[in-house]
Amino acid sequence: MLVWLRQFGPPAGFQAPWSLTALLLLGARLAAAPPPDAQPGAAVQSTSAAPAASSYVGSLSCAAAACHNRGAVQIPKGSEYTIWRYRDPHAAAYQALFSPRSQRMVALLGARADRRQNAHEHALCLQCHSDPPAEASTSPAADGTAMARDGIGCERCHGPARAWLADHYGPTWDQLSPAAKQARGFRNTKDLSARVRSCVPCHVGTADANVNHDLIAAGHPRLQFEFASFHAIYPKHWDPQADKQRTDDFEVRAWLIGQARTTQAALALLAARAQQAPGGRWPELAEYDCFACHHSLRPTSWRQQHPGGDPTALGGLPWGNWYDSLAPLARRGVIAGLPADLGLESIREQMQRPEPDPRAIIPLAAAASQRLDGLDRLAASPWNASRLHALFTELLDDRPVTITPSAGAPGSPDDPSFNWERAAQRYLALAAIVHTLNDRNEPVPSDVRQALSALATQLERAFPPANDGRYASPEWFSPAQTHQALEQLRGQVGAHEWRLSPR
Amino acid sequence: MNHQLRLFSIRRRTPRCSSRACLAALLALGLIGAAPVLRADEPQPPGTRAAALAEVFTGSLVCKRCHNTKDVEGFNTAVSTLDEYAVWHRADKHEYAFRALGNDRGQRMLKRLGHERDQGWIDTNCVSCHGVGSGRKHGPDFRQDDGVTCVQCHGAHAEWIPAHGIDWQSWRALSAETKEARFGMTDLRHPAKRASLCVSCHVGSSREGRRVTHAMFAAGHPPLPSLEVSIFLESMPPHWRPSDQRDPAINRQLYRLEPGDFEQTRTVVVSSAAVFHDVVEFFGAEAARGGAWPELAQFDCTACHHALTATSWRQQRGYPTAPGRPALRAWPQALGPVVLAAAASNAGEEKALAQAYEQHLGKLYGALSARPFGKPAEIAAAASALAAWTQQEILPRVERRRYDATTAQALFARFADVNRYPDYDSARQLAWSLGTIGAELARRTRWDQSSAFQEWRNHVDPLLQLELPAGKNQAIEAALGPWLEKVSQFKAEDFRKDLDALFGRNEAAKPKS
């Protein structure tokens with residue numbers, strides 16, 4: 001995702017530990033409320049004792065040549081199924097469960113106790129690598145296995161089709177409002193929030209689809225979702241220009257809403273993990289910054305540059321900072337209407353105690369999530385050039401969050417919280433802005449482009465080569481060098497007077 | 001009285017306490033005024049250890065008076081070479097230990113921890129290992145700068161110092177137990193006791209308040225290497241003779257070694273068991289201590305501190321706990337099969353011991369799996385049970401055993417049964433131990449595996465960096481970079497391949513999962 005600016009795929013440092021096909025998954029369990037006329041037990045937390053017939057019909061149902069399988073992959077309209085089947089990694093998600101890695105995971109996790117010998121039979125895996133197990137087993141489709149083999153099929157994003165399948169090619173369908181369609185279970189994927197909410201149940205996780213540290217240690221790739229960049233590289237089965245025609249500031253909006261909904265999903269997952277604490281997985285190690293621990297020991301380390309730091313935080317576990325990119329922007333009032341305190345610092349403070357209290361975390365997570373609710377409205381006003389320039393500059397001026405204001409000079413090379421993840425998220429935000437400027441045909445000076453590219457290269461090269469691919473830890477990350485790259489960008493941006501309209 | 005005068009009246013090249021004035025001075029200092037009467041062995045009630053004796057840390061200059069020059073005429077050197085101080089002063093890093101606190105790394109650590117000028121904190125947390133704390137009673141010639149001095153290992157009690165020198169013949173007649181119980185001279189010839197002493201600083205001791213916390217490591221304290229006692233002793237360097245240069249009578253009386261006994265092999269095996277016991281006990285005691293848990297330094301460093309890679313030998317190996325749950329240090333268990341083989345006198349006994357070992361260890365790993373970092377109370381219980389079992393069942397057996405050439409050969413062969421996926425520290429423990437036993441076999445027998453063994457050593461040394469930055473010429477700081485590089489590059493399969501080659505094993509053998 002670092003080199004998205006150059007339209008490449010994720011750098012090897014990301015790919016190496018992930019099986020390709022396991023990467024892009026679509027979730028379906030979240031946002032949509034069950035349609036009022038749906039069969040009972042459909043598309044909700046399936047804890048019903050006797051599941052009724054599912055609302056899923058299976059992706060094959062979309063696969064008629066006259067419907068969505070025309071076969072012309074260059075022209076998405078009418079060939080959505082074709083594109084999905086042949087290009088979309090989601091279609092291969094089920095197959096990933098047959099890999100040696102998946103089998104090894106099941107062996108290590110002692111899943112034999114469940115009498116599920118294989119990953120492709122295990123409910124925990126199927127939750128994200130195929131249609132939800134409960135749905136598959138009660139679907140009126142040919143048989144559940146066939147559905148499972150779809151991987152993440154059409155209905156995981158577009159909604160279970162039973163109630164709208166017959167209507168949606170009818171004459172009156174297009175006249176229905178999105179809400180009316182929603183009532184039948186047809187998700188409004190044109191809405192950015194709804195789109196993100198399709199992704200995050202699997203790409204971030206839920207109570208039932210929890211890629212925790214146990215799974216990661218067993219071999220599961222770490223989940224590190226960023227909506228705008230994932231969306232950009234996703235092999236789309238729709239015309240990408242359609243998104244841009246609806247709103248020409250699509251990319252920055254995707255970034256902003258993506259960040260917000262992803263953070264909310266992460267907070268919900270944190271709360272779910274805290275709920276499950278009595279079961280023995282607390283503190284959940286996957287909540288913390290991976291690389292704070294997972295780095296090789298060296299005689300000295302930039303992490304130790306801590307001149308004025310908080311000694312009590314020395315050697316502690318820092319709460320993960322992949323999902324909190326909006327917090328500093330909120331604090332500085334960059335996005336009007338976003339509350340200054342998103343509530344993440346109080347969560348961080350609790351999580352970074354030696355024994356974080358799960359009962360304290362649950363309300364804190366809920367409160368923080370609530371503060372991000374109104375972002376759709378905030379993002380709606382158009383992002384013109386000056387607004388984009390201002391945001392770009394704010395992002396460069398942004399100082400990383402630290403737990404105590406005294407810890408190093410914030411944002412300086414001495415600040416130990418400025419790590420690869422924060423730098424990468426910063427880059428992705430800047431890239432989204434540049435893409436929006438491109439889409440709006442606004443000029444982006446070539447030296448700004450080059451400096452941003454240099455930053456991407458630097459972040460990518462933080463992963464040294466190893467004998468069998470690349471390291472998945474950014475062993476060569478240097479905060480000082482990254483600061484330098486950001487300084488250079490600041491210089492360029494200042495020279496072009498991008499620091500324009502007030503917030 | 002003759003003996004006393006002889007001790008103090010002979011003229012020497014190097015100044016010694018050569019006059020009655022000196023004797024008088026010592027008397028005045030109360031050091032020998034109440035020189036205990038030496039009697040032949042009396043049975044001591046159990047538990048009458050030196051706790052009843054006064055603890056006082058005399059400086060090494062007191063020892064220097066007699067122990068500074070080799071082979072002095074008129075002095076019996078059957079036991080002591082008489083130049084121990086000279087060797088220690090010249091070459092032993094322990095002398096530098098206190099001064100190390102003032103070097104760059106030490107100062108940076110204090111700054112980061114926020115305790116730069118906090119003498120009390122430094123005393124409690126640093127000087128507890130790096131010297132003699134100010135809370136201790138200081139005897140004659142004590143200097144803080146002397147670091148870890150003679151009496152810290154040999155016993156910090158006033159009673160034995162004059163006793164052992166003045167009437168050395170009577171002293172010599174006493175058993176090691178008596179010397180320890182009545183006079184407070186630590187029985188360092190007892191391999192388990194000696195190993196425990198090393199562990200108390202080189203890993204830690206709850207009782208002695210010696211611990212390096214994770215905050216200290218994060219602040220810059222070098223990682224503590226695994227402790228293989230035979231190699232550490234060799235690296236000191238030894239200020240004592242090896243067994244084959246000692247009077248056999250002394251060997252028997254003081255060292256409990258018969259002719260034909262392999263002292264080094266015994267050191268390896270008994271130390272391994274003792275270190276295992278102490279480390280497990282330490283883990284449990286720290287968990288039981290109360291206060292914030294987890295103390296991350298109690299866990300295996302490289303379980304977390306390894307860079308993530310696409311294919312991971314850890315995932316190949318599997319986990320003794322649920323995946324992703326940090327566990328205690330693995331290296332003290334490295335010699336498990338070898339120690340169990342040494343403890344048992346027959347295959348049936350070995351099987352029974354192995355089962356009990358697995359059971360106790362399993363409980364400890366179960367406690368560690370219950371949740372990340374485990375529940376302290378459960379860990380304390382399981383660790384203390386495992387330590388107690390080791391104390392009761394393993395230590396007495398390995399201490400009692402005779403380590404002759406046949407035993408050494410048999411134990412050497414048992415290294416083929418060790419864990420096939422050791423981490424770096426465990427691999428180094430294995431390499432060191434195997435190296436010591438193999439070297440002794442090569443030295444003392446016509447050993448048919450000599451050349452295979454040498455070849456194995458040639459492979460393993462660059463892989464693991466077996467040499468320690470020992471002595472006063474090699475700084476730990478300078479060796480730190482290359483060593484940590486080896487740690488980070490380590491792959492279990494490389495070590496295993498070499499070990500398989502040494503034991504002529506089929507390389508296609510399935511790894512233990």
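FYI, side chains are in, hydrogens and waters are out, and symmetry mates aren't considered; it's all heavy atoms of this structure. Here is how names work: the chains are called A, B, and so on, in the same order as the sequence lines, proteins then strands, and each is numbered from 1.
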- Item | Residue part contacting chain A, namely of B:A303, when any heavy atom lies under 4.5 Å | backbone

- Query: Which residue out of A:P354, A:P299, A:A218 racks up the most heavy-atom pairs below 4.5 Å with chain B?
  - Reply: A:P299

- Item | Interchain contact, A:L285 with chain B, by part (heavy-atom threshold 4.5 Å) | side chain

- Item | Among B:H306, B:E485, B:R314, residue most engaged with chain A (heavy-atom pairs, under 4.5 Å) | B:H306

- Heavy-atom proximity to chain A below 4.5 Å, by part of B:R105: side chain

- Heavy-atom pairs under 4.5 Å with chain A are the metric here; pick the option from B:G481, B:A322, B:S488, B:C304 that has the most. B:C304

- What is the ring orientation for A:H213 with A:H294, classed by angle as parallel under 30°, tilted 30 to 60°, or perpendicular over 60°? parallel

- Task: Could you pull out all residues at least two apart from B:F299 that satisfy ring pair (Phe, Tyr, Trp, His ring centres under 6.0 Å)?
- Result: B:F283, B:W293, B:F373

- Task: Sort B:A370 into side chain, backbone, both or neither according to what part of it lies under 4.5 angstrom from a heavy atom of chain A.
- Result: backbone

- Query: Does the separation of the ring centres of B:H221 and B:F217 fall below 6.0 angstrom?
  - Reply: yes

- Task: Using non-hydrogen atoms and a 4.5 Å limit, figure out which bit of A:A292 sits close to chain B: side chain, backbone, both or neither.
- Result: backbone

- Query: If you tally heavy-atom pairs under 4.5 Å against chain A, which of B:P223, B:P222, B:P323 wins?
  - Reply: B:P323

- Heavy-atom distances under 4.5 Å only: say whether A:L215 touches chain B with side chain, backbone, both or neither. neither

- Quick one: what part of B:P372 sits under 4.5 Å from any heavy atom of chain A, side chain, backbone, both or neither? both

- Query: So is B:R428 actually on top of B:Y424's ring, under 6.0 Å and inside 45° of the axis?
  - Reply: no

- Message: Taking salt bridge (Lys or Arg N to Asp or Glu O under 4.0 Å) as the definition, give me every residue that meets it alongside A:D214, ordered by chain and number, with sequence neighbours left out.
- Response: A:R281, B:R325

- Message: Within 45 degrees of the ring normal and closer than 6.0 Å to the centroid, is that where the cationic atom of B:R496 sits relative to B:Y421?
- Response: yes

- Run the ring-centre check on A:W322 versus A:F225 and record whether the distance is less than 6.0 Å. no

- Looking only at heavy atoms, which two atoms of B:H130 and B:L101 are closest? And how far apart? CG-CD2, 3.6 Å

